[in-house]
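Here the structure is laid out as structure tokens; the discussion comes afterwards.
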Amino acid sequence: MITTVVRNALRTRGREPAVLCHAGAHQAARAPLAGLPLQSTDLLVDLDAHPMGTPVLEGDPEAEAGLVAVVAATPTDLNRAVTVSTHLPRAVHVLVALVATADHQEPPIPASPGMGDWRDLQEMRVRRVGKTGWLCELFFPNAIDTAQVIDAVMHGTRGRRRGPAIAPLGVLNGPEGALWRPGDTGSSGVSAAGPVPVRRVTPVGDVALRVSDGGPMPDWDDPRVPVLDRLATGVDSWEGVVSGGPARARVVNAAEDGSEADRLHAVAPIDELTVNPAGFTKSEKGPWGDLTVHGGRAVVRVGEKDLVTVPEDGTVTDVDLSRLRHLRGVRVDWSGHAGPTSAVRAVASLAAGGVPLVSGPVPTWARGLGQDLAGLLTAASEKDLGDKLLREEHSVRLRRAALRAHGLRLRWRGLGARAGVPVPPPPTVSVILCTRRPEMVGFALAQIARQRGVTVEVVLGLHGFPADRPEAAAAIADFEATGIPLTVHEADADQVFGSVLNDIVARASGDLLAKWDDDDWYGPDHLADLLLARTYSGAELVGAGQDFIYLQEVDLTVWRSRISETVTKFIAGGTILTDRVVLEETGGFRPLPRAIDTQLLIAVARGGGRIYRTHGLGYVLRRTGGGHTWSEDMGYFLRNYAQQWFGWCPSALLEGAPAPLGQPVTEYTGGLR
């Protein structure tokens with residue numbers, strides 16, 4: 001179907017040239033463009049090979065095309081093509097085709113950029129291609145910025161929210177430039193020697209990144225903008241190492257002798273907007289796959305079948321991950337691959353996608369993975385992955401390590417620091433906690449005090465009792481000693497619960513708001529995991545599921561093993577994380593005595609927002625005989641469980657429970673196991 005649509009577009013494009021582009025796997029992306037009737041002025045462009053800093057149409061920079069068509073094998077490939085598309089000419093007819101998409105992807109329905117650019121749009125068509133592909137066409141009476149259209153189509157696969165921007169602003173040069181900054185139309189191309197172009201009086205970038213094939217680079221000629229040099233992935237191929245070419249130096253310096261930061265920053269980052277745990281399945285009974293070499297290519301192989309073929313740059317796509325979700329795990333074979341950097345990128349991408357990996361000793365040349373990720377690869381056995389809970393725990397540890405070491409946004413923050421460019425601080429989180437029980441203040445504050453990897457403040461609402469109550473005063477004093485900012489708000493006992501929450505929010509100063517329950521348990525990475533999910537999901541609101549429930553009346557822990565890493569309508573209310581502006585857009589918390597969390601979720605969904613549920617292994621919901629704003633009988637929590645244990649028995653990711661603040665340690669029984 002893609003070929004037919006492109007052929008018809010070529011017939012109607014007029015006298016202007018056509019630019020036909022492909023990105024991603026050879027067979028999938030190039031085949032639809034093969035054998036088409038092209039004119040002498042038409043171009044066929046491999047966007048993966050096109051160097052940043054070089055316009056597609058040479059000569060007149062204002063040249064226009066009658067048709068620009070981009071065929072991408074997957075959304076991951078299209079997101080990379082978005083960056084290169086800044087070099088494509090303006091066009092009146094833009095066609096974007098996705099050969100395949102993952103099951104969790106939205107249809108690529110583009111939205112107008114909102115600056116009046118599309119007011120004269122004549123027609124738009126979005127059609128399904130086969131079972132998982134999509135094709136989108138837009139027609140304009142006058143030529144439009146092609147990159148803007150491709151970006152809008154890509155953005156349509158993720159919902160309306162773009163997620164955190166990539167900072168600092170970068171300019172790119174050379175092959176694989178887009179691999180370092182996919183999905184960013186703000187990344188201009190620049191010549192190898194500079195200078196960085198100026199828009200009005202300001203350079204269009206804060207850091208220049210030059211990617212070379214190992215040859216000498218010219219002196220950088222722009223004192224205003226610092227430059228960083230990197231080598232293309234294929235430069236350190238095993239063929240280059242054996243031949244003694246320039247790759248030898250890179251393998252030694254980056255993988256063996258450099259610091260861990262040097263090794264990490266020598267590897268192109270992972271595009272976490274498409275390569276992430278979304279779609280994770282709990283398939284502990286599935287077959288095993290092997291990341292190995294077959295037919296001269298790195299593949300993930302099951303028996304005699306290749307499920308995924310890894311390209312030479314080590315890219316693993318979202319569609320590749322969807323093809324591996326049914327596997328129990330993947331064994332990493334270090335004996336092959338195209339080269340060190342390619343292997344590191346492939347393994348890190350699989351880990352970032354939540355694929356459970358096991359490995360023997362990690363070779364020295366793969367130290368670019370980072371110490372944490374390399375250690376986790378050998379931390380689990382094949383037997384462990386036959387247990388549903390152990391398998392998911394291992395997957396969560398892997399995805400954390402991979403995304404924190406190799407994620408695109410964190411990588412560019414590191415690159416900015418290495419170039420001496422200040423970057424904006426990470427978002428701050430205001431934890432909003434409201435309690436009617438003075439005896440639970442120390443318990444709740446102890447859970448917050450051990451959060452790591454995130455900048456936190458706490459706004460504590462005391463509903464119906466003063467801060468000088470002995471139990472509360474001692475806990476507050478202990479928490480203030482940690483240095484974490486704390487604001488205490490006293491509310492009248494007769495004020496409705498939802499109204500108290502709104503008063504607490506009004507006193508918060510953080511960029512993000514995290515709701516906290518006073519009697520539940522939270523692991524030390526709870527907030528950091530939610531921030532990761534916010535980044536890669538693009539959702540307006542994120543949270544965890546109610547997987548672990550401790551039934552205090554019968555001293556029983558239940559694990560329900562619900563679907564995680566998915567868009568949903570429901571999450572645990574005590575795990576809500578959202579932007580302040582989202583709460584404002586939904587009208588805040590409703591002034592009701594109960595079901596406040598459910599009402600907020602309904603309002604977000606009604607407003608067109610997405611709710612994303614990440615894993616629930618770092619959270620335990622406590623159920624007692626009463627006193628909950630969400631009332632369900634005990635039988636509700638005993639249905640459809642995966643496992644249950646006598647006593648308090650959380651996931652290992654919870655890392656135990658801290659002693660409540662304001663109480664001597666001997667008074668804390670945790671009582672529980």
Side-chain angles (χ1 to χ4, degrees), residues 427-451 454-522 526-527 530 541 543 572-601 603 622 627-630 658 660-663:
T428 56
V429 179
S430 292
V431 176
I432 55 174
L433 167 63
C434 181
T435 179
R436 284 186 177 273
R437 297 176 285 194
E439 72 276 9
M440 296 305 296
V441 173
F443 176 88
L445 290 178
Q447 309 291 326
I448 303 171
R450 69 171 181 158
Q451 295 301 300
V454 61
T455 303
V456 173
E457 71 159 8
V458 179
V459 184
L460 171 63
L462 306 180
H463 197 181
F465 62 93
D468 58 4
R469 281 282 291 267
E471 310 98 303
I476 290 170
D478 279 0
F479 187 83
E480 288 177 333
T482 68
I484 300 173
L486 172 66
T487 300
V488 179
H489 169 62
E490 298 178 1
D492 294 337
D494 58 356
Q495 186 177 358
V496 70
F497 179 49
S499 175
V500 176
L501 284 178
N502 287 327
D503 288 346
I504 294 173
V505 169
R507 289 161 172 78
S509 62
D511 306 302
L512 309 175
L513 302 170
K515 189 171 178 294
W516 206 271
D517 282 354
D518 64 353
D519 59 347
D520 298 335
W521 289 270
Y522 299 81
H526 169 72
L527 289 177
L530 292 182
L541 187 149
T575 69
I576 288 172
L577 175 80
T578 190
D579 293 38
R580 175 184 294 275
V581 67
V582 173
L583 196 62
E584 292 174 352
E585 289 173 351
T586 56
F589 293 100
R590 290 188 64 186
L592 299 172
R594 62 182 68 250
I596 303 301
D597 306 325
T598 301
Q599 292 300 311
L600 176 61
L601 300 180
R622 186 205 303 253
H628 297 280
T629 59
W630 177 43
L661 299 179
Q663 301 178 26

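Note that the structure is predicted; figures quoted are calculated from it, not measured.
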Q) What is the distance from atom CD1 of Ile596 to atom CZ of Phe497, rounded to the nearest 0.5 Å? A) 6.5 Å
Q) Step by step, would you call Leu486 with Val459 a side-chain contact (heavy atoms from CB on, under 4.5 Å)? A) CA-CA 6 Å; Leu486 172 66; Val459 184; over 6 Å; no
Q) Is there a donor-acceptor pair under 3.5 Å between the side chain of Glu457 and the backbone N or O of Val429? A) no
(Q) If we ignore hydrogens and angles and just use 3.5 Å, is the side chain of Thr428 paired with the main-chain N or O of Asp511 as donor and acceptor? (A) yes
Q. Below 4.5 Å, heavy atoms only, C-beta onward: do Leu460 and Ile476 meet side chain to side chain?
A. yes
Q. Does Leu462 offer a backbone N or O that forms a donor-acceptor pair with the side chain of Glu490 under 3.5 Å?
A. no
Q: Evaluate the criterion ring-ring contact (aromatic ring centres under 6.0 Å, His included) for residue pair His526 and Trp516; output intermediate values, then yes/no.
A: CA-CA 11 Å; His526 169 72; Trp516 206 271; 5.5 Å; yes
Q. Out of curiosity, Asp518 CG to His463 NE2, how far, rounded to the nearest 0.5 Å?
A. 12.5 Å
Q | Test: Asp597 and Lys515 ion pair at under 4.0 Å | A | yes
Q) Which is it for Gln495 and Asp503 under the side-chain hydrogen bond (donor to acceptor under 3.5 Å, both in side chains) test, yes or no, and what are the steps along the way? A) CA-CA 11 Å; Gln495 186 177 358; Asp503 288 346; 2.8 Å; yes
Q: State whether the side chain of Ser430 and the backbone N or O of Gly510 hold a donor-acceptor pair below 3.5 Å, judged by distance alone.
A: yes
**Q.** Side-chain donor/acceptor of Asn502 to backbone N/O of Phe589, under 3.5 Å
**A.** yes
Q.
If I compare all heavy atoms of Ala514 with all of Leu527, which pair ends up nearest, and what's the gap?
A. CB-CD2, 3.7 Å
Q: Rounded to the nearest 0.5 Å, what's the gap from CD on Glu480 to CG on Leu445? Could you check?
A: 9.5 Å
Q: Compute both the distance and the angle, then confirm whether Arg450 meets the cation-pi test with Tyr522: under 6.0 Å from the six-membered ring centre, within 45 degrees of the axis.
A: no
**Q.** Point-to-point distance, once rounded to the nearest 0.5 Å, from CZ of Arg590 to OG1 of Thr598
**A.** 11.0 Å
Q: State whether the side chain of Arg436 and the backbone N or O of Ala493 hold a donor-acceptor pair below 3.5 Å, judged by distance alone.
A: yes
Q. About how many Å separate CG of Leu530 and CG of Leu577, when rounded to the nearest 0.5 Å?
A. 5.5 Å
**Q.** Side-chain (Asp579) to main-chain (Leu512) donor-acceptor, under 3.5 angstrom
**A.** no
(Q) Does either side chain, that of Asp478 or that of Gln663, offer a donor lying less than 3.5 Å from an acceptor on the other one? (A) no
Q. Nearest 0.5 Å, what's the CG-CD distance between Asp517 and Gln447?
A. 11.5 Å
Q. Checking salt bridge (Lys or Arg N to Asp or Glu O under 4.0 Å) for the pair Arg437/Asp519: CA distance, chi angles, key distance, verdict?
A. CA-CA 9 Å; Arg437 297 176 285 194; Asp519 59 347; 3.4 Å; yes
Q: Find out whether Val441 and Thr435 are in side-chain contact, i.e. whether some heavy atom of one side chain is under 4.5 Å from a heavy atom of the other.
A: yes
